[in-house]
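Given the structure is predicted, the values throughout are model-derived calculations rather than measurements. So that the names make sense, note that chain A is the first sequence line, chain B the second, and so on, each numbered from 1.
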Amino acid sequence: MIERDLEKQLDFILKGVEDVLLPDELKTLLSNSIKNDKPLNIKLGLDPTAPDIHLGHTVVLTKLRQFQDLGHKAILIIGDYTARIGDPTGRSVLRPSLSPEKIDENAKTYMSQAFKILDESKTEVVKNSTWLEPLKFSEVLNITSRFTIARMLERVDFKKRFSNNLPITIMEFLYPLMQAFDSISIKADIELGGTDQRFNLLMGRELQKEYGQKPQIAITMPILVGLDGVQKMSKSLGNYIGVNENPNEIYGKVMSISDNIMIDYFNLLTRLPKNEIYEMQNDMKNGSLNPSVAKRKLASIIVENLYDKNAAEDAGNNFNRIFKDKAMPEEINEYIINKKNYPSGKIKATTLLTESNLCSSNSDAKRLIDQGGLKIDNNKVSDINLELNLEEINSKIIQKGRRFFLKLVVK
RNA sequence: GGAGGGGUGCCCGAGUGGCCAAAGGGAGCAGACUGUAAAUCUGCCGGUUCACGCCUACAUAGGUUCAAAUCCUAUCCCCUCCA
């Protein structure tokens, strides 16, 4: 079951990672696992604080999936107990705590999305309330006695808050310890996390040592840049691709990323071998590979990962149809016009655009027409004041720019 | 508790009485180009109007002025320093 070739394993494991603590230990760990044919416990903890995930979150999931592919055991920890505190990482204020119901609800949607990446049949899912809830206070004391305040304050978030006289609750101090305790409970060999998790991952090592376990290897993954190519992918910045978006949308959004962040995406979001990615990079550099071809491949892989091969193919075809052949997509949303609302039997083109939400205002609609961006049944409209006869436009297709289509239905 | 700085359009940010619907950048939209929804270039980018204009807008509420984002007063919020 386990990939026998150590170099091959390393090749996949190290692809795209930000940092490994410690690389030498990782090597021996892997070769022992191969020798004894014993899969490693790969830990990934998720706090179900946000219900929706985007590609940025899948970086670490993809890495975990890669471990699964290599024959290791993925253990996904739902931080239902830790979520009650909230990870203080990157926070300058105390997180509002979530109700257990909300956490449960989040966890469900979170999981269903995470399993688009992970192989569900090979994933062990556990809630950390399983062991954190029944923990005795004496045990908590035992854990806390092994760490000092100074050690905790090494952490930047805490240090900043402390020196700025912002409150840090003792509870928050406990967070990294709880996460560390998770590692003990499942006997983690390797824990994955984002770069910001570095401190927490290290705590796991320390505590494992204290408990006489072999300390875990910590592997951190870099932050994924968003569609703008500059800032990190995040929902609030609007530069994200949601895991639940439809295939066409995902495909198109991937095609809209800058050529120069493509390789990062290949490294972090696909499971292609390192050398294949390297080759593509080279070929693009020397001109033998057109970047658009590579990007199509990327888009297609990402859609396939989240859906399936067919969806990826369809999305690719759809993209060709619209942007290469400049034709219409296969499926077009309908927009229903209610005759009753237009007793004259006519509707202004601008009104239609705003009513259907293609444009945000009449001025916007006028601008669009003015700039030559409106087509009705493939004919460019250039008259701002154009009035359309309801009978005539039934089942016709209006197009805004290159990407937005609506099929009119007059009822 | 004291001292100071600040709140501007979707975001960042300039503007300190009229030339301000408000520089510049980003995002967004459109056009050109392109085997890319890449890059690049061009235009647009509060609402309404064919247009002149009008309306709404620079934290909130009042006020001074022919005229305020800009001055005054009060209120709310944010930040920095001191205690």
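Residue contacts for A/Asn248: at a heavy-atom cut-off of 4.0 Å it reaches a base atom on one of the strands shown. Using a 4.0 Å heavy-atom cutoff across all strands shown, A/Tyr251 reaches no nucleic acid atom at all. Heavy atoms of A/Gly252 sit under 4.0 angstrom from at least one base atom. A/Val293 comes within 4.0 angstrom of a nucleotide base, judged by non-hydrogen atoms across all strands. Note on A/Lys348: nothing from the nucleic acid sits closer than 4.0 angstrom, heavy atoms only. Backbone-only engagement by A/Ser258 is indicated by non-hydrogen atom pairs under 4.0 Å involving sugar-phosphate atoms exclusively. If you check every strand for non-hydrogen atoms under 4.0 Å, A/Asn362 touches sugar and phosphate atoms only.
At a cut-off of 3.5 angstrom, counting only N and O atoms as typed in the model, there is a donor on one side and an acceptor on the other between the side-chain of A/Lys326 and the base of B/U34.
Checking the phosphate oxygens (OP1, OP2) of B/U48, no side-chain nitrogen or oxygen of A/Lys366 falls inside 4.0 Å. Regarding contacts with the backbone of B/A30, every side-chain N or O of A/Arg367 stays at 4.0 angstrom or more from both OP1 and OP2. Residue A/Arg403 places at least one side-chain N or O under 4.0 Å from the OP1 or OP2 atom of B/C29. Under 4.0 angstrom from either OP1 or OP2 of B/G47 there lies at least one side-chain N or O belonging to A/Ser361. The side chain of A/Ser256 places no N or O atom within less than 4.0 Å of a non-bridging phosphate oxygen (OP1 or OP2) of B/A38. Contact between the side-chain N/O atoms of A/Lys324 and the OP1/OP2 oxygens of B/U36 is not found at any separation under 4.0 Å.
The listed nucleotides are B/U34, B/A30, B/A37; the one nearest the side chain of A/Leu368 is B/A30. Each of B/U36, B/G47, B/A30 was ranked by its minimum atom distance to the side chain of A/Gln371; first place goes to B/A30. The side chain of A/Asp259 sits closest to B/U36 out of B/U34, B/U48, B/U36.
Here the separation of B/A21 from B/C58, taken at their P atoms, is 14 Å to the nearest Å. Annotation: B/A57 and B/G5 have their C1' atoms spaced 25 Å apart (nearest Å). Across B/U56 and B/A69, the matching P atoms stand 12 Å from one another, rounded to whole Å. B/C71 sits 32 Å from B/A83 when the P atoms are compared, rounded to a whole Å. Nucleotides B/G15 and B/U42 have their C1' atoms positioned 28 Å apart, rounded to a whole Å. Nucleotides B/G4 and B/G13, compared at atom C1', are 22 Å apart to the nearest Å. Between B/U60 and B/C54, the two C1' atoms lie 26 Å apart (nearest whole Å). On the P atoms, B/C79 is 24 Å away from B/U73, given to the nearest whole Å.
Remark: A/Arg151 engages A/Glu206 in a salt bridge, criterion side-chain N to carboxylate O under 4.0 Å. Under 4.0 Å is where a charged nitrogen must lie from a carboxylate oxygen, and between A/Arg367 and A/Asp370 no such pair does. Between A/Lys348 and A/Glu387 there is no salt bridge, since none of the side-chain N atoms of the basic residue sits less than 4.0 Å from a carboxylate O of the acidic one. Ion pairing between A/Arg198 and A/Glu18 fails under the 4.0 Å rule for side-chain N and carboxylate O. Under the 4.0 Å criterion applied to side-chain N and carboxylate O atoms, A/Lys8 and A/Asp5 are not assigned as salt-bridge partners. Of the charged side-chain nitrogens involved, none lies within less than 4.0 Å of a carboxylate oxygen, so that A/Arg205 and A/Glu210 do not count as a salt-bridged pair.
Judged by the 6.0 Å distance and 45° axis criteria, A/Lys15 is not positioned over the aromatic ring of A/Phe12. Taking the ring axis of A/Phe266 as reference, the NZ or CZ atom of A/Lys274 does not stay both within 45° of it and closer than 6.0 Å to the ring centre.
As the counterpart of B/G17, no nucleotide is assigned, since no Watson-Crick or G-U wobble pattern has both distances under 3.5 Å. Taking a pair to require two hydrogen-bonding distances under 3.5 Å in either a Watson-Crick or a G-U wobble arrangement, B/C71 pairs with B/G63. A 3.5 Å limit on both hydrogen-bonding distances identifies B/C82 as the Watson-Crick or G-U partner of B/G1. Pair assignment for B/U42 gives B/A30, based on Watson-Crick or G-U wobble hydrogen-bonding distances that are each under 3.5 Å. The nucleotide B/C76 finds its pairing partner in B/G7, both defining distances of the Watson-Crick or G-U wobble pair being shorter than 3.5 Å. Checking B/A51 for Watson-Crick or G-U wobble geometry (two distances, each under 3.5 Å) identifies no partner in any strand.
Distance CD (A/Glu387) to C1' (B/C50): 14 Å, rounded to an integer number of Å. Look at NZ on A/Lys400: it is 17 Å from P on B/C44, rounded to the nearest Å. The distance between atom CG of A/Asn320 and atom C1' of B/A37, rounded to the nearest whole Å, is 13 Å. Atom pair A/Ile322:CD1 and B/U34:C1' shows a separation of 17 Å (rounding to whole Å applied). In this structure, A/Met255 atom CE and B/G35 atom P are separated by 13 Å, rounded to whole Å. Here the C1' atom of nucleotide B/G26 and the CD atom of A/Gln231 are 9 Å apart, to the nearest Å. Between the NZ atom of A/Lys380 and the C1' atom of B/A30 there is a distance of 10 Å, rounded to whole Å. The CG atom of A/Asp364 sits 13 Å away from the P atom of B/U49 (whole-angstrom rounding).
Looking at which nucleotide of RNA chain B each of A/Ser360 and A/Lys375 is closest to, the 5′-most match is held by A/Lys375.
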